[in-house]
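Report on the structure given below.
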Amino acid sequence: MYPRQFDYVAPSSLDEALAALDANPGAKVLAGGMSLLPMMKMRLLSPEMVVDIGRIGGLGDITDNGDSISIGALVTHAEVAASGLVQDHGAALATAASWTGDRQVRNRGTCCGSMAHADVAADQPVAALALGATMVVASSGGTREIAAADFFVDTLMSALEPGEILTEMRIPKVGAGTGSAYDKLGRRGGHTDYAVAGVAASVTCSNGSVSAATVAVTGVGSRPVLAAGVADALVGSDGSDAAVEAAAAHATDGIDVLEDLYGSVGYKTHLAQLFAARAVKAALAAAG
Amino acid sequence: MSSTSVLGGVVRRREDPALIQGGGRYTDDVKLAGTAHAAFVRSPFAHANVLSVDTSAAEAMDGVLAVYTAADVEHLGPLVAQVPVGALRPLLNNGTVKHVGEAVAMVVAVDPYVARDAADAVDVDYDALPAVVDLKHSLSDEMLVHGDMESNTLISWTGPFGADADALAAVKAGIDEQKSRDDVVVVSQEMINQRLIPVPIEPRSVLADYQIGYGRFDVYSSTQIPSALAGAIGKYFGMALNQVTVKAMEVGGGFGCKLNVYNDEVLVAFASKQLGCPVKWTETRREAANSTIQGRGWIATATMTGTTDGEILGFELDGIADMGAYSQNFTVAIPFLGVFVGSGQYSFPTHWKMDCVTTHTMTTDAYRGAGRPEAAYYLERILDMYSRKIGMDPAEVRRKNYIPASEFPGAVSPMGFPMDTGDYEANLDAALESAGWSGLLAERDAARAEGRHVGVGIATYVEVCGFGPSGLVDLGFSWAEYQMPSAFNGSSLVRVHPDGSATVSIGTGPSGQGHQTTWAQIVGDGLGMDVDRIRVIHGDTEEAPPSIGTFGSRSAAVDGSACYEATQKVQAKAARIAAHLLEASEDDIEFADGGAHVAGTDSSVGWDEIAKAAYQPHVLPEGMEGGLEAHAIFSPGNATWPFGTHIAMVEVDAATGDVRLLRYIGMDDCGNVISPMIVDGQIHGGIAQGVGQAMFEDAVYDMDGNLLSASLVDYILPTAVDLPSFELGRTVTPTDINPLGVKGIGEAGTIGAAQTVVNAVVDALESLGVTHIDMPLRPQRVWQAIQDAQA
């Protein structure tokens with residue numbers, strides 16, 4: 001577990017960090033380090049420079065913007081899980097954060113780091129998808145916003161370009177009639193460890209029917225991905241168990257399901273459908 | 001034992017304050033000035049011809065001291081093995097590599113980072129060849145793992161032990177004859193006991209310091225067998241044993257994987273001697289997965305023949321065991337340990353056969369239980385299937401077929417081994433009572449009525465441990481290859497210092513077993529001395545009398561007995577001194593509360609005065625030699641045979657296949673107990689490892705011989721989150737083969753646990769038609785078994 005030699009800088013401002021990234025195209029950003037450092041130690045990744053953003057002020061807060069919540073780049077999984085704001089407006093994310101890694105990882109790793117890492121079996125990216133999150137990305141050229149739906153490009157690949165830092169993730173605040181939930185099976189069973197399969201769902205109900213739904217699946221394909229088939233089938237339905245189960249059958253429509261040590265294609269497809277139904281039902285219950 | 005015995009009392013582990021405060025000193029913590037660091041170039045192929053090894057780029061790097069290839073070390077010969085059946089491991093291999101992770105070259109540099117960079121810069125050209133991975137494929141000899149060997153089958157172990165071909169055939173014929181009876185059922189199942197990767201928290205680490213001019217070695221290694229390593233290094237470098245000191249510092253777990261002398265230990269010593277500086281190597285976790293020994297890896301068919309009312313008429317096991325590519329310390333002997341317990345604690349005829357085959361994978365060797373968990377697994381799984389088939393309570397089927405308590409001591413198992421002591425029925429009864437067996441079954445049935453899939457599993461075991469008689473040398477079990485003709489003796493030296501404190505030096509090599517506490521308890525009990533006044537030295541070949549280390553649940557029974565006997569000798573001499581000082585009769589002297597007392601009087605003398613006198617010969621009784629110390633060697637007449645009953649309750653989510661362990665009850669019998677907390681701790685860890693095999697762990701090789709589960713992301717270990725609070729109890733059936741009456745306990749939990757959990761899961765899924773699931777019972781496998789049963 002010996003990484004290759006690398007340079008290390010720990011700037012105290014965002015501008016300095018961005019300048020360091022510009023000057024070193026091979027540099028990687030370090031926040032919690034829970035994914036980056038193991039990859040470096042296994043020499044799967046050997047950046048020439050690590051830019052530690054841990055000393056930059058203003059990135060460690062969960063803030064209420066009125067119509068949205070911002071989760072700063074240094075906010076840990078544990079902080080997300082414990083946040084009343086997140087629980088109220090993005091329960092799926094709070095749950096996903098509470099099931100991420102173990103206690104040490106949750107106290108050290110960051111929500112935005114999990115997004116940038118874009119692991120195929122991570123918990124929080126699908127919650128971001130389901131909640132319609134927006135990624136706020138800074139570079140020396142300014143900032144840009146990327147919808148979660150456009151952010152997860154492929155296995156361990158996000159839409160972040162060299163020179164960019166994910167400074168915050170925004171999730172829209174929701175009112176009565178909207179609820180979200182996340183459910184999964186972890187690799188060691190229960191909710192522990194990476195997801196063999198997991199589903200996050202957000203639904204809005206009005207006048208006894210589902211007026212909006214977003215559903216996303218993790219662990220089954222090459223990236224965290226929206227399950228549009230489930231959402232399409234749900235919208236306009238009465239949200240009954242039968243309707244939910246019929247919709248959940250579309251959980252892997254259009255997704256190239258990949259086998260791994262923890263699940264065959266058939267098993268993962270089954271789990272995606274099962275958890276789509278469980279997550280949607282829980283989201284409906286939360287929506288009231 | 002004295003009336004104030006601390007034996008059996010709850011004593012906190014004395015080693016824990018250092019360990020839990022971060023003060024524990026491990027091999028990698030030893031810093032010697034001028035230390036260089038080694039890194040290995042390892043084969044990425046399971047089978048390949050090495051066409052060329054270009055070290056020039058590595059050698060040219062700043063900070064690189066040397067790059068060694070096979071040509072540099074060939075003169076030393078291969079790695080020695082105790083049971084040299086099969087191919088021996090080359091120290092470095094530049095010919096045809098035989099498993100992923102095999103060492104091809106070694107780099108030594110000024111720090112471990114440069115060493116790793118330089119190892120990556122060594123350019124090896126391989127010509128990959130097809131690999132033999134599957135056990136049945138290996139057995140077929142369609143492709144040979146080692147081209148210069150005639151067969152992949154290295155040896156076949158059979159039971160009953162000592163039976164020749166005719167006698168074995170007669171046992172088989174006797175069982176076969178019963179199969180046609182009208183009142184007899186035959187149950188047969190092929191089962192996999194999967195390969196496991198031992199994962200001690202501290203990986204292996206070695207630091208060798210060859211002292212120029214002095215011509216001697218100090219070697220620090222995270223090993224369970226320091227004496228064997230000293231013997232091996234002496235042998236490789238032509239040095240007398242008194243010129244090689246091996247120290248095992250704190251060892252953070254071993255589980256058998258540090259019960260080997262490894263090629264890297266020899267190579268690091270070689271580099272130190274060549275370069276004239278200390279050389280250190282600490283393996284990385286990924287390296288450990290591919291180049292430290294693995295365990296288990298059996299596929300076998302178990303067959304149970306018995307009457308419809310639960311009388312078992314015969315058990316047969318026919319299987320294949322995976323030895324990996326090279327034979328190391330005990331490799332091919334591990335399945336032989338299964339022969340010892342092949343018939344368990346039962347009296348029925350048993351026919352047992354295990355073919356040991358070589359494959360293009362890492363070597364297998366001792367892993368907690370070593371042959372005995374595998375043997376117990378097959379026996380107890382098929383016994384469970386048989387009980388289910390005849391519709392009888394699995395506990396009662398076991399009871400009906402036990403060797404009765406009346407045959408002990410002196411019972412001989414159907415496999416042909418004399419066993420020390422046992423009372424299996426009493427232990428079973430205690431377990432059933434502790435679990436509330438009938439209530440447990442009722443609770444299960446109530447849950448099932450609600451549509452839940454709840455199951456209860458039971459398994460019993462007998463193990464053999466505490467090796468052992470020095471006559472084992474005649475069976476091929478010795479340490480002669482490591483210059484240790486003393487085989488399995490225990491050895492201990494107890495010394496009282498002039499201030500009345502004491503030191504016990506002992507040949508054990510603990511890796512978490514709590515020896516700092518247990519040996520102090522034995523000495524403290526014998527001398528009436530506070531354990532805080534007693535220092536324990538172990539894992540050090542210079543300080544301790546010759547012995548062999550810690551493995552096979554042997555330390556308390558063997559070295560502990562030596563410690564007891566040495567203590568008795570010291571006590572006897574001290575009693576004479578005290579009697580002389582107190583002008584009393586030696587027969588009236590008792591030791592307690594830090595000194596000697598004259599029974600029935602106020603007269604006493606403290607250890608400080610006794611010790612002072614011992615080192616002033618002029619005040620001693622006429623003719624008594626000065627000093628106060630004694631050495632004892634203990635060679636038991638048999639191994640010990642602990643036993644137990646385990647019960648588990650599980651719930652399965654049939655929709656996902658997710659298994660939850662609800663309750664786990666252990667009732668173990670290891671004879672007398674010296675330290676209850678340590679014994680319970682051993683059972684805790686043992687059960688966790690057994691549950692780990694049952695539910696989580698799996699060394700997965702693909703057909704090209706790549707280990708797919710080489711990191712802890714993919715090799716799933718049990719954690720506290722996954723386990724309920726164990727409900728432990730014990731019965732006490734002392735052994736008659738050692739003075740303490742103790743049997744081993746280090747492996748018992750592991751030997752009992754896996755089949756207990758699998759039996760419970762199969763019970764939970766009985767209504768769905770599931771009869772067997774191969775381990776590990778991860779959700780996918782359980783779900784798939786349900787689908788298959790329903791199809």
Side-chain angles (χ1 to χ4, degrees), chain A residues 1-6 34-35 38-44 46 98-99 101-106 119-122 183-199 219-220 245 248 257 259-278, chain B residues 37 39 62-63 109 111-121 203 282-288 650-661 692 695-698 700 702 708-723 776-784 786-787:
Chain A
M1 304 291 268
Y2 300 104
R4 287 185 195 281
Q5 189 169 327
F6 60 91
M34 295 295 93
S35 301
M39 291 181 79
M40 289 172 63
K41 286 179 162 191
M42 287 192 274
R43 298 195 167 202
L44 296 172
S46 295
S98 76
W99 292 343
D102 53 27
R103 190 174 293 275
Q104 291 94 322
V105 167
R106 289 193 291 274
D119 194 287
V120 296
D183 205 350
K184 74 185 263 201
L185 178 72
R187 288 179 180 175
R188 59 172 65 244
H191 301 126
T192 316
D193 215 325
Y194 286 99
V196 179
V199 178
V220 301
E245 277 151 28
V257 179
E259 179 178 270
D260 61 24
L261 284 178
Y262 309 95
S264 62
V265 171
Y267 182 57
K268 290 198 171 228
T269 303
H270 161 74
L271 286 183
Q273 293 169 349
L274 181 75
F275 288 113
R278 289 184 182 179
Chain B
H37 296 264
D62 283 346
D111 70 49
Y113 296 87
V114 174
R116 186 70 255 158
D117 288 346
D120 286 355
T282 300
E283 70 182 354
T284 66
R285 195 57 77 180
R286 215 161 246 262
E287 221 173 1
V650 301
E651 178 161 9
V652 181
D653 178 348
T656 60
D658 194 11
V659 175
R660 215 152 49 88
L661 189 53
M695 294 178 62
F696 304 113
E697 301 181 42
D698 199 2
V700 185
D702 68 14
L708 302 181
S709 53
S711 81
L712 292 183
V713 174
D714 289 318
Y715 189 81
I716 300 183
L717 292 170
T719 68
V721 174
D722 308 304
L723 302 165
L777 304 185
R778 287 196 199 150
Q780 170 179 231
R781 208 168 268 185
V782 175
W783 179 81
Q784 191 61 52
I786 296 169
Q787 306 311 305

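The basis for the numbers below is simple: all heavy atoms, side chains too, and nothing from hydrogens, waters or symmetry mates. Since this is a predicted model, take the numbers as computed values, not measurements. Proteins come first, then strands; the chains are lettered A, B, ... in the order of their sequence lines, and each starts at number 1.
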B:Pro718 versus chain A, the contacting section by heavy-atom distance below 4.5 Å
backbone

Closest non-hydrogen atom pair, B:Pro779 against A:Leu185
CB-CD2, 3.6 Å

A:Pro38 versus chain B, the contacting section by heavy-atom distance below 4.5 Å:
neither

Taking every non-hydrogen pair under 4.5 Å, which of B:Ile716, B:Val114, B:Thr284, B:Val659 racks up the most with chain A?
B:Ile716

Selection from A:Lys268, A:Gln5, A:Arg278 maximising heavy-atom pairs under 4.5 Å formed with chain B
A:Arg278

Checking B:Val713 now: which residues fulfil side chain to side chain contact (heavy atoms under 4.5 Å, CB included) with it, not counting sequence neighbours?
A:Arg187, A:Tyr194, B:Ser711

Using a 6.0 Å distance limit plus a 45 degree cone around the ring axis, check whether B:Arg778 lies over the aromatic ring of A:Tyr262.
no

Spacing of B:Asp653 atom CG and A:Leu274 atom CG [to the nearest 0.5 Å]:
7.5 Å

Heavy-atom distance under 4.5 Å to chain A: side chain of B:Tyr113, backbone, both or neither?
both

Checking heavy atoms, do the side chain of A:Leu261, its backbone, both or neither come under 4.5 Å from chain B?
both

OH/A:Tyr2 to CG/B:Asp120 distance, rounded to the nearest 0.5 angstrom?
13.0 Å

Can you say whether B:Asp117 sits under 4.5 Å from chain A via the side chain, the backbone, both, or neither, judging by heavy atoms?
both

Does any non-hydrogen side-chain atom of B:Thr719 lie less than 4.5 Å from one of A:Arg188?
yes

When rounded to the nearest 0.5 angstrom, what distance separates CZ in B:Arg286 from NZ in A:Lys41?
13.5 Å

Counting heavy-atom pairs under 4.5 angstrom with chain A, the leader among B:Leu708, B:Thr656, B:Asp698 is B:Thr656

Report yes if some heavy atom in the side chain of A:Arg43 is under 4.5 Å from a heavy atom in the side chain of B:Arg116; otherwise report no.
yes

